[in-house]
Amino acid sequence: MTEPLLSVRDLKVSYEVGSARIDAVDGASFDVPRGTIMGLVGESGCGKTTVARALTRVIADNASISGGQMLFEGKDLVSLSERQMNALRWREIAFVPQSAMNSLDPVYTVEYQLNEVLRRRGGLDKTQARRRCEELFEMVGIEKGRLSDYPHQFSGGMRQRVAIALALALNPKLVIADEPVTALDVIVQRQILDQLRELQKALGISVILVTHDISVVAYVCDRTVVMYAGKVAESGSMESTLMRPVHPYTMGLRNAFPDLQGAASGTLTPIEGAPPNLAFPPPGCRFAERCPFSIDVCRTTQPPLREIASGHEVACHRAGEATRLRELAARTETWITAA
Ligand code: ATP
Ligand code: MG
């Protein structure tokens with residue numbers, strides 16, 4: 001197999017809050033192969049944005065990368081100088097931030113904002129930048145006549161497309177899009193995901209698509225990394241993780257979201273409870289408290305992330321019983337505790 005574009009190994013990212021330390025990402029490992037879309041999925045607060053931001057090394061003032069490696073084409077992003085890292089941003093690794101459609105500056109036209117990247121970062125002259133702006137708008141399906149519009153003149157979906165155009169401006173190899181379709185209606189979600197997929201294929205790039213919605217992953221991704229409470233619970237190809245999930249958390253997420261394809265979906269079953277407080281993580285498996293299948297060892301010992309088949313990794317003590325647990329997980333009563 002060819003070397004992945006990105007290989008994250010045992011990444012640790014913490015936040016200092018007063019005298020407390022929150023290990024928001026606590027030993028995450030995953031690969032992003034070239035030319036694929038990888039879905040990074042998990043509930044709110046699981047550490048998805050923290051991973052995404054760590055990859056660009058644009059992290060909060062109270063955050064620090066406290067361990068691990070992020071190997072991008074063999075270079076460890078963790079140990080690059082700020083100057084070296086800056087040279088990679090936009091040109092090699094581009095980031096579409098969470099709520100990107102609201103992060104465009106309201107007082108400048110979108111062309112002005114594209115030019116900031118194209119001319120300042122990319123060194124293009126005025127004519128080249130104009131041509132590239134038109135090309136980028138064509139790529140994301142917006143009339144080039146609208147380049148001189150201000151962000152508020154666009155719909156939410158169009159602003160999201162502009163944010164994607166901005167990320168693609170300097171031909172990066174990896175685009176990290178944090179919740180690119182969250183706040184949009186399902187039809188617009190599908191249009192944007194379809195377009196992202198087309199562009200990803202046409203340009204041969206890799207995409208990390210961060211989302212809390214597993215149906216978005218099912219719709220467009222090649223691979224999945226499921227995060228729970230700062231750790232990777234399961235990762236692998238779409239077929240292995242979503243069709244035949246082995247971690248009970250993945251099974252639970254699958255039951256909790258409607259199908260983006262519009263197929264008649266059965267009853268949605270939420271996972272009761274909430275992720276643990278990361279300032280005081282539980283000693284064993286972080287999902288144990290909410291897991292309908294937890295046994296004693298789950299509450300005392302952390303399950304390591306293990307490869308159970310080629311390219312399919314799972315951190316669960318009961319991974320060997322997945323076939324039977326999947327059958328049980330398909331029943332609503334497994335997840336709803338009787339009052
Ligand atoms: P969402 O789906 O809501 O965007 P997420 O998976 O992206 O969630 P993160 O934003 O990475 O989650 O947050 C992971 C954990 O880190 C959470 O417990 C969050 O409260 C905490 N956290 C995030 N940013 C900070 C910060 N600047 N200071 C302290 N804690 C933070
Ligand atoms: Mg987030």
Side-chain angles (χ1 to χ4, degrees), residues 8 10-30 32 38-68 70 77-78 93-103 156 160 163-164 167 175-184 189 192-193 196 207-218 221 224-235 241 247 249-250 252-254 256-257 260 270-271 273-282 285-287 289-290 315:
V8 173
D10 207 19
L11 180 66
K12 293 186 166 75
V13 187
S14 335
Y15 294 105
E16 299 286 338
V17 182
S19 57
R21 205 176 97 153
I22 296 170
D23 293 324
V25 178
D26 194 8
S29 298
F30 60 86
V32 180
M38 194 279 271
L40 183 57
V41 67
E43 287 163 292
S44 185
C46 281
K48 307 179 299 292
T49 296
T50 306
V51 168
R53 289 202 165 269
L55 287 169
T56 62
R57 293 246 317 256
V58 178
I59 53 177
D61 290 344
N62 63 334
S64 60
I65 299 178
S66 46
M70 307 186 293
L77 302 178
V78 175
I93 303 175
F95 184 54
V96 184
Q98 192 160 350
S99 313
M101 62 185 185
N102 300 320
S103 69
Q160 191 62 55
I164 292 171
V175 171
I176 304 168
D178 195 353
E179 303 277 4
V181 295
T182 301
L184 300 169
Q189 284 195 6
I192 291 193
L193 293 173
L196 196 62
V207 175
I208 298 180
L209 196 157
V210 175
T211 176
H212 64 281
D213 184 342
I214 204 159
S215 56
V216 165
V217 176
C221 295
T224 321
V225 172
V226 181
M227 273 191 83
Y228 187 75
K231 289 187 173 287
V232 173
E234 179 160 13
S235 69
T241 52
H247 199 291
Y249 182 57
T250 319
L253 280 183
R254 223 175 46 151
F257 283 92
L260 203 64
I271 309 173
N277 178 349
L278 291 177
F280 308 99
C285 169
R286 292 186 175 181
F287 187 56
E289 198 199 329
R290 301 169 76 193

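When a ligand or atom number is given, it counts from 1 through the structure's own listing order.
The closest protein non-hydrogen atom to atom 31 (C) of ligand 1 is Tyr15 CD1, 3.4 Å. Counting protein heavy atoms only, atom 28 (N) of ligand 1 is closest to Asn62 ND2, 2.9 Å. Distance from atom 4 (O) of ligand 1 to its nearest protein heavy atom, with residue and atom name: Gln98 NE2, 3.0 Å. Ranking protein heavy atoms by distance to atom 3 (O) of ligand 1, first place goes to Ser44 OG, 2.5 Å. Looking from atom 2 (O) of ligand 1 to the surrounding protein, the closest heavy atom is Lys48 NZ, 2.8 Å. Scanning the protein heavy atoms around atom 10 (O) of ligand 1, the nearest turns out to be Thr49 CB, 3.7 Å.
The Mg ion (ligand 2) lies at 2.8 Å or more from every N, O or S atom belonging to Thr50. The Mg ion (ligand 2) has an N, O or S atom of Gln98 closer than 2.8 Å.
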Practice prompt. Give the intermediate values and the outcome of salt bridge (Lys or Arg N to Asp or Glu O under 4.0 Å) for residues Lys48 and Glu43.
Written response: CA-CA 9 Å; Lys48 307 179 299 292; Glu43 287 163 292; over 6 Å; no

Worksheet item: Where do Met227 and Leu40 land on the side chain to side chain contact (heavy atoms under 4.5 Å, CB included) test, with the steps shown first?
Response: CA-CA 7 Å; Met227 273 191 83; Leu40 183 57; 3.9 Å; yes

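Residue-ligand proximity, Thr50 to ligand 1, at heavy-atom distances under 4.0 Å covers atoms 9 (P), 11 (O), 13 (O), 14 (C).
Proximity of Met227 to ligand 1 is not established, as no heavy-atom distance is less than 4.0 Å. Put simply, no part of Gly42 is less than 4.0 Å from ligand 1, judged by heavy atoms.
The two residues Leu253 and Ile271 make their nearest non-hydrogen contact at N-CD1, 3.7 Å. Arg53 approaches Pro97 most closely through the heavy-atom pair NH2-CB, 4.1 Å.
Backbone and side-chain nitrogen or oxygen atoms of His212 are examined, and none is located within less than 3.5 angstrom of a nitrogen or oxygen of ligand 1. Of the N or O atoms in Gly45, one or more lie within a sub-3.5 Å distance of an N or O in ligand 1. Not a single N or O atom of Leu278, backbone or side chain, sits closer than 3.5 Å to an N or O atom of ligand 1. Looking at Gly47 next to ligand 1, an N or O pair under 3.5 Å apart turns up.
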